Amino acid sequence: MVTGSCSGGARAVARCDQLGLAPYSDMMGGLYRAYLTPAHRATVDQVGGWMFEAGMSARIDPAGNLVGHYPGARSDAPALIIGSHLDSVRDGGCYDGPLGVMLGIECVAALHAAGRRLPFAIDVYGFGDEEGSRFPAAMLSSRAVAGTLDVDLMTIADTHGVPLADALRDFNAADDDEGVMQILETAPLGIAGFHKARRRTGHVLAYLEAHIEQGPALEADGLAVGTVTGIAAQLRYRVVVTGMAGHAGTTTMRLRRDPLAGAAAMVLSVEQLARADNSDVVATVGMIEALPGAPNVIPGEVRFTIDVRSGVETRRDTVAEQILDRIVEIADARDLDFAIERIHDLPASPCDAALMDLMDAALVAAGQSPRRLVSGAGHDAMNMAALCPTAMLFIRCKGGISHNPAEHVDPADADIALQVMLGFIERLAAKHA
Ligand code: GLV
Ligand code: MN
Ligand code: MN
């Protein structure tokens with residue numbers, strides 16, 4: 001059985017740290033790596049080089065995903081996909097996403113060093129867009145791979161008005177000066193070929209994603225890793241509230257139609273209604289913008305997002321409906337206009353029962369106590385579940401902190417995760433021998 005170098009996990013963590021700064025970040029003094037930006041491209045070139053060193057070929061697929069390929073024992077073998085995402089939230093941490101990609105590379109490095117070929121190929125994916133931090137849609141690139149992407153790609157533009165089509169063209173055209181490019185086949189397809197990133201159903205055996213927990217459960221139990229049982233359902237809305245812009249000094253309070261004051265009441269109702277449900281429902285307003293945005297101008301328009309999640313889809317939907325009803329009431333009472341657009345809707349995604357058992361067995365073999373837990377955070381695995389059975393391994397993160405520069409993973413925990421992943425792969429290979 002291949003066990004991997006005892007420091008492969010630590011190397012994965014160190015590589016995530018390296019990717020936390022320029023040129024792999026588009027933000028001074030912190031990490032912001034959005035889909036199809038120069039930082040994303042620099043990251044793809046660097047990580048592609050690491051894939052090459054680990055014994056894989058590497059390419060960029062038509063949706064801007066980086067894909068490393070390690071052939072199986074037979075050329076017609078199906079593939080195990082190991083993946084996570086390379087993009088980050090604004091001012092995020094270094095490990096949310098990239099750690100799962102780096103650990104996938106370490107799995108292949110260990111197998112390659114041992115000269116081990118499996119009854120399946122391994123494809124390591126560095127997905128381009130999971131967070132949705134650039135375009136008003138999330139998980140575009142894993143949805144393309146799974147064949148579940150049902151949005152009109154031609155209408156998507158970022159907040160600066162750059163169309164997705166242009167961003168993809170520039171990303172593919174970007175040149176790397178260090179020669180890493182030679183290992184990457186850049187897809188020349190453009191936006192019309194985006195959906196060609198799709199993988200065929202019968203050719204993918206399973207999907208494995210390792211990810212930091214982004215919550216405190218493993219740390220509280222003194223455990224390094226745990227088996228994920230499933231991922232909570234997500235809904236996201238974009239709300240635009242319109243009133244009347246005016247002079248802050250001359251418009252009497254009685255005459256105002258202030259959309260920001262209205263939005264403030266709406267934001268509070270999002271929090272109140274999710275709390276009042278007294279369940280696992282969580283609801284968040286994470287982005288808000290008042291226009292035109294000056295201290296002496298009553299805003300004319302306010303835009304904000306609402307994100308609602310629960311492990312139980314019906315609970316999520318009930319609370320979402322209550323929130324939308326309350327927004328209507330508040331807008332009516334304040335004589336405001338509004339528009340609400342649902343921009344994201346992903347069902348809850350259970351992990352595969354048989355693969356969870358394999359993961360538990362790999363955990364025990366690596367000397368870990370088995371522990372199962374649900375994910376409140378979204379992951380590319382949610383989309384890949386439409387393509388094949390999925391498995392996820394969570395890794396303890398300090399204080400449960402994530403989407404924050406203080407995100408931290410102990411390299412020793414990443415080493416344990418690598419051993420568990422290799423144990424999982426060996427067990428899967430035994431099943432398919
Ligand atoms: C991704 O991090 C998400 O859960 O939104
Ligand atoms: Mn995230
Ligand atoms: Mn993530």
Side-chain angles (χ1 to χ4, degrees), residues 32 34 88-92 131-139 158-159 214-215 232-246 248 251 253-346 376-378 400-405:
Y32 178 44
S88 80
V89 294
R90 192 177 290 278
D91 203 13
E131 303 284 7
S133 41
R134 178 170 180 189
F135 297 98
M139 302 199 191
D158 69 11
T159 46
Q214 306 182 277
Q234 308 183 353
L235 262 184
R236 235 173 256 176
Y237 298 93
R238 186 167 45 191
V239 184
V240 179
V241 186
T242 315
M244 173 71 93
T251 316
M253 297 312 287
R254 234 171 17 87
L255 287 178
R256 294 182 183 213
R257 291 173 57 229
D258 180 346
L260 183 52
M266 293 169 189
V267 172
L268 285 177
S269 77
V270 169
E271 185 188 48
Q272 282 156 3
L273 290 164
R275 270 195 194 183
D277 200 60
N278 222 359
S279 65
D280 73 334
V281 171
V282 286
T284 307
V285 175
M287 263 175 83
I288 187 161
E289 189 183 16
L291 301 170
N296 57 352
V297 181
I298 302 161
E301 184 175 295
V302 172
R303 302 170 188 169
F304 64 95
T305 55
I306 306 173
D307 178 301
V308 191
R309 305 185 192 200
S310 165
V312 184
E313 246 154 85
T314 48
R315 286 250 58 83
R316 172 200 72 166
D317 294 345
T318 302
V319 172
E321 271 167 36
Q322 291 168 356
I323 289 170
L324 300 189
D325 288 348
R326 188 67 64 82
I327 287 176
V328 175
E329 285 166 20
I330 293 168
D332 281 353
R334 290 174 167 268
D335 193 19
L336 297 166
D337 295 318
F338 65 93
I340 302 175
E341 185 190 356
R342 188 160 59 183
I343 53 171
H344 186 67
D345 181 358
L346 286 178
I401 296 169
S402 185
H403 284 187
N404 184 314

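Numbering of residues begins at 1 and proceeds along the displayed sequence. When reading the values below, keep in mind they use all heavy atoms of this one structure, side chains included, and skip hydrogens, waters and symmetry mates. Model, not experiment: these values are computed from the prediction.
Expressed to the nearest 0.5 Å, how far OG1 of Thr305 lies from NE2 of His344 amounts to 11.5 Å. Atom-to-atom distance recorded for Asp337:CG and Met244:CE is 10.5 Å, nearest 0.5 angstrom. For the atom pair CE of Met287 and CZ of Arg90, the computed distance is 8.0 Å after rounding to the nearest 0.5 Å. Arg134 CZ to Tyr32 OH: the interatomic distance, rounded to the nearest 0.5 Å, is 8.0 Å. Note: Met266 CE to Arg334 CZ = 8.0 Å, rounded to the nearest 0.5 Å. We find the CZ-CG distance between Arg236 and Asp307 to be 4.5 Å, quoted to the nearest 0.5 Å.
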Does Arg342 form a side chain to side chain contact (heavy atoms under 4.5 Å, CB included) with Leu235? I'd like the steps, not just the answer. CA-CA 8 Å; Arg342 188 160 59 183; Leu235 262 184; 3.4 Å; yes
Side chain to side chain contact (heavy atoms under 4.5 Å, CB included), that's the test. Do Leu324 and Tyr237 meet it? Break it down for me. CA-CA 10 Å; Leu324 300 189; Tyr237 298 93; 3.9 Å; yes
Hey, mind stepping through Thr284 and Ile306 against side chain to side chain contact (heavy atoms under 4.5 Å, CB included) and telling me if it holds? CA-CA 6 Å; Thr284 307; Ile306 306 173; over 6 Å; no
Side chain to side chain contact (heavy atoms under 4.5 Å, CB included) assessment of Ile330 paired with Ser269: CA-CA 10 Å; Ile330 293 168; Ser269 77; 4.3 Å; yes
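Side-chain contact check for Asp345 versus Arg316: some heavy-atom pair is nearer than 4.5 Å. When side chains are defined from C-beta on, Met139 counts as touching Gln234, because their heavy atoms get closer than 4.5 Å. Residues Val302 and Ile288 meet the side-chain proximity criterion, which asks for heavy atoms closer than 4.5 Å.
A salt bridge links Arg303 with Glu301: at least one charged nitrogen is closer than 4.0 Å to a carboxylate oxygen. A salt bridge is absent between Asp277 and Arg275; no separation between the charged side-chain nitrogens and carboxylate oxygens falls under 4.0 Å.
Closest approach of Leu336 and Gly243 over heavy atoms only: CD2-CA, 3.7 Å. Looking at every heavy atom in both residues, Gly376 comes nearest to Arg309 through O-NH1, 3.2 Å. Of all non-hydrogen atoms in Arg315 and Ser310, the two that sit nearest each other are CB-OG, 3.8 Å. For Gly246 against Thr251, the heavy-atom pair with the smallest separation is C-OG1, 4.1 Å. When every heavy atom of Gln214 is checked against every heavy atom of Ala377, the shortest pair comes out as OE1-CB, 3.2 Å.
Ile327 pairs with exactly one of Ile340, Val270, Val241 by the side chain to side chain contact (heavy atoms under 4.5 Å, CB included) rule, that one being Ile340. The side chain to side chain contact (heavy atoms under 4.5 Å, CB included) test with Pro299 is passed by exactly one of Leu291, Thr242, Leu260: Leu260.
Put simply, the side chain of Ser133 gets close to the backbone of Ser88: a donor and an acceptor are under 3.5 Å apart. Asp280 contributes a side-chain N or O that, together with a main-chain N or O of Gly311, makes up a donor-acceptor pair within less than 3.5 Å. Looking at Arg256, its side chain does come within 3.5 Å of a backbone N or O of Ala248 through a donor-acceptor pair. Remark: side-chain polar atoms of Arg257 are paired, donor with acceptor, to backbone N or O of Asp335 under 3.5 angstrom.
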